Amino acid sequence: MSMKFNPKFLMALLGAVIIFNCKNNQPTNGKPNIVTTTTMITDLVKNIGGDKINVQGLMGSGVDPHLFKASEGDVSKLANADIIFYGGLHLEGKLVEVFEKMSRQNIKTIAVSDALDKTTLIASELFPGNYDPHIWFNIDYWIQITQYVADQLSKTDPENKLFYETNANNYIEKLEVLKKEITATIQTLPKEKRILVTAHDAFSYFGKAYDFEVVGLQGLSTATEAGVQDVQKLATFIIDKKVKAIFVESSVPKRTIEALQAAVTSKGHDVSIGGTLYSDALGNAGSMEGTYIGMFRYNVNTIVNALK
Ligand SMILES: [Zn+2]
């Protein structure tokens, strides 16, 4: 007897596939599902996890983590995660409640800033007990975080522990090379010219680690807008210190820095816009600035060339 085509069976099968896909929109290839927040963390986790994990980053290039809110689609990605890696220290200020909800659902919700000794961090002047969350701008911190992320992946997926550790070690070597390279580039800029004026306070760790005086027009979070007084005060500072250039940030509207430039001009002085720095988000995927290492190199070259 020949097999007869059974449409009922086919429909049932199709229905099951559709239901399965709706319930879990993550790839179901047996690999751990990792959800990350900022592009810096996404890049790091991909470097360590390679093809052994599925990585979904919530934020794209140019996205400001201080203001980012989770969409329904984001929440469903988070709900299906094995691990959520985020920055912490209130970087993702509008996601705290979502993370708390996920951790109640027994999803591993890991702040990469937990890798660091809090006593070494820069404390917030405005909010006691809080710290500056822009930790990726100290390469030594990023090295510690690389190790921490590898350890967390190994705990979740012990079978591939060696793979994660090898990748982490290789990546740490690249970060060490980056550190030497940018330190040498910065050395070419005389110390009195190392004044970095940007849209918000993202570069304090950078300044501390690599010997720059750093001033942001807005505070640690972009959620608070700069006032007219802040702009006037900073304009005077720029004139007094003979700062040649100030910088736009890719994740902050240009108008803040343009207002500052206009204030300097109105006092009869000149300051140029030295370029766009990648502060709280990397550049487009596939470009040099689309990786952490490329972003760092690009920022340092842009800063040094404009201030020379
Ligand atoms: Zn920021």
Side-chain angles (χ1 to χ4, degrees), residues 62 64 66 121-126 132-141 178-222 224-281 283 288-289 294-308:
D64 181 345
H66 303 290
L121 299 182
I122 298 171
S124 159
E125 283 171 17
L126 284 180
D132 181 341
H134 304 88
I135 47 180
W136 54 95
F137 280 125
N138 179 325
I139 299 171
D140 286 324
Y141 286 166
L178 172 72
K179 197 170 83 178
K180 281 201 190 110
E181 188 195 306
I182 62 118
T183 308
T185 307
I186 290 166
Q187 290 301 322
T188 66
L189 188 66
K191 201 169 158 24
E192 69 276 9
K193 290 192 172 180
R194 290 186 210 156
I195 302 175
L196 180 59
V197 179
T198 63
H200 87 298
D201 273 337
F203 291 92
S204 298
Y205 291 110
F206 175 85
K208 199 177 163 193
Y210 311 111
D211 206 11
F212 270 81
E213 183 175 356
V214 171
V215 193
L217 181 54
Q218 287 170 269
L220 279 179
S221 168
T222 53
T224 328
E225 293 251 346
V228 179
Q229 275 190 323
D230 301 323
V231 174
Q232 291 305 324
K233 227 174 107 186
L234 192 46
T236 308
F237 172 87
I238 289 167
I239 295 163
D240 289 348
K241 299 264 183 167
K242 299 185 177 68
V243 177
K244 253 180 85 182
I246 55 180
F247 299 88
V248 173
E249 293 174 38
S250 69
S251 52
V252 182
K254 236 183 168 174
R255 61 168 191 274
T256 55
I257 281 300
E258 285 171 346
L260 181 59
Q261 188 186 32
V264 173
T265 310
S266 76
K267 291 179 196 291
H269 291 263
D270 275 329
V271 68
S272 67
I273 292 184
T276 300
L277 302 181
Y278 295 93
S279 53
D280 292 7
M288 174 180 128
E289 306 84 65
M295 168 280 286
F296 221 110
R297 190 177 283 143
Y298 171 89
N299 277 355
V300 169
N301 289 339
T302 303
I303 293 166
V304 170
N305 286 335
L307 295 180
K308 252 183 190 169

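From a predicted model like this one, the values you see are computed outputs, not experimental measurements.
- Checking side-chain atoms of Tyr205 against main-chain N and O of Tyr141 turns up no donor-acceptor pair under 3.5 Å.
- For the atom pair Ile238 CD1 and Ile195 CD1, the distance stands at 9.5 Å (nearest 0.5 Å).
- For the residue pair Asp201 / His134, no side-chain donor-acceptor distance below 3.5 Å is found, with atom types taken as modelled.
- Every ring-ring contact (aromatic ring centres under 6.0 Å, His included) that Phe206 has, sequence neighbours left out, goes to Tyr210, Phe212.
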Audit row: Ile182, Leu178, side-chain contact (heavy atoms from CB on, under 4.5 Å) steps and yes/no
CA-CA 6 Å; Ile182 62 118; Leu178 172 72; 4.0 Å; yes

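- Between the CZ atom in Phe247 and the OG1 atom in Thr302 there is a gap of 7.5 Å [rounded to 0.5 Å].
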Give the C-alpha distance, both sets of side-chain angles, the deciding distance and a yes or no for side-chain contact (heavy atoms from CB on, under 4.5 Å) between His200 and His66.
CA-CA 11 Å; His200 87 298; His66 303 290; 3.4 Å; yes

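- The nearest pair of heavy atoms linking Ser124 to Leu220 is CB-CD1, 3.8 Å.
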Evaluate Glu213 against Lys241 for salt bridge (charged side-chain N to carboxylate O under 4.0 Å, His left out), listing each step before the verdict.
CA-CA 11 Å; Glu213 183 175 356; Lys241 299 264 183 167; 3.6 Å; yes

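- How far CG of Asn299 is from CE of Met295: 6.0 Å, rounded to the nearest 0.5 Å.
- Among all heavy-atom pairs drawn from Val243 and Val197, the shortest one is CG1-CG2, 4.5 Å.
- Taking both residues in full, the closest heavy atoms of Gly207 and Val214 are given as CA-CG2, 3.6 Å, listed atom of the first, atom of the second, then distance.
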Could you walk me through whether Ile186 and Asp211 pass the side-chain contact (heavy atoms from CB on, under 4.5 Å) test, one step at a time?
CA-CA 9 Å; Ile186 290 166; Asp211 206 11; 5.8 Å; no

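- No side-chain donor from either of Asp280 and Ser251 sits under 3.5 Å from a side-chain acceptor of the other.
- Within 6.0 Å of the CD atom in Gln232, the count of heavy atoms belonging to other residues, nucleotides or ligands exceeds 12.
- Using modelled atom types, one side-chain atom of Asn305 and one backbone atom of Asn301 make a donor-acceptor pair closer than 3.5 Å.
- Here the closest heavy-atom approach between residue Ala235 and residue Ala263 is recorded as CB-CB, 3.8 Å.
- A donor-acceptor pair under 3.5 Å is formed between the side chain of Arg194 and the backbone N or O of Leu189.
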Taking it one step at a time, do Ile246 and Gln261 satisfy side-chain contact (heavy atoms from CB on, under 4.5 Å)?
CA-CA 8 Å; Ile246 55 180; Gln261 188 186 32; 4.2 Å; yes

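- Each salt bridge (Lys or Arg N to Asp or Glu O under 4.0 Å) pair with one or both residues in residues 249-278, not counting sequence neighbours, appears once here: Glu225-Arg255.
- Within a 6.0 Å radius of CD in Gln229, other residues, nucleotides and ligands contribute 12 heavy atoms or fewer.
- Lys244 meets the salt bridge (charged side-chain N to carboxylate O under 4.0 Å, His left out) test with no other residue; sequence neighbours excluded.
- For the residue pair Ile257 and Ala199, the shortest heavy atom distance occurs at CD1-N, 3.8 Å.
- Considering NZ of Lys193 and CD1 of Ile303, their distance stands at 15.5 Å, rounded to 0.5 Å.
- From Leu277, atom CG reaches atom CZ of Phe203 across 4.5 Å, with rounding to the nearest 0.5 Å.
- Between the side chain of Thr188 and the main chain of Ala184, no donor-acceptor pair closer than 3.5 Å is present.
- The line from CG of Asp64 to OG of Ser250 is 9.5 Å long, rounded to the nearest 0.5 Å.
- Closest approach of Asp140 to Asn138, counting heavy atoms only: N-OD1, 2.8 Å.
- Residues Phe296 and Phe137 are in side-chain contact: their nearest non-hydrogen atoms beyond the backbone lie under 4.5 Å apart.
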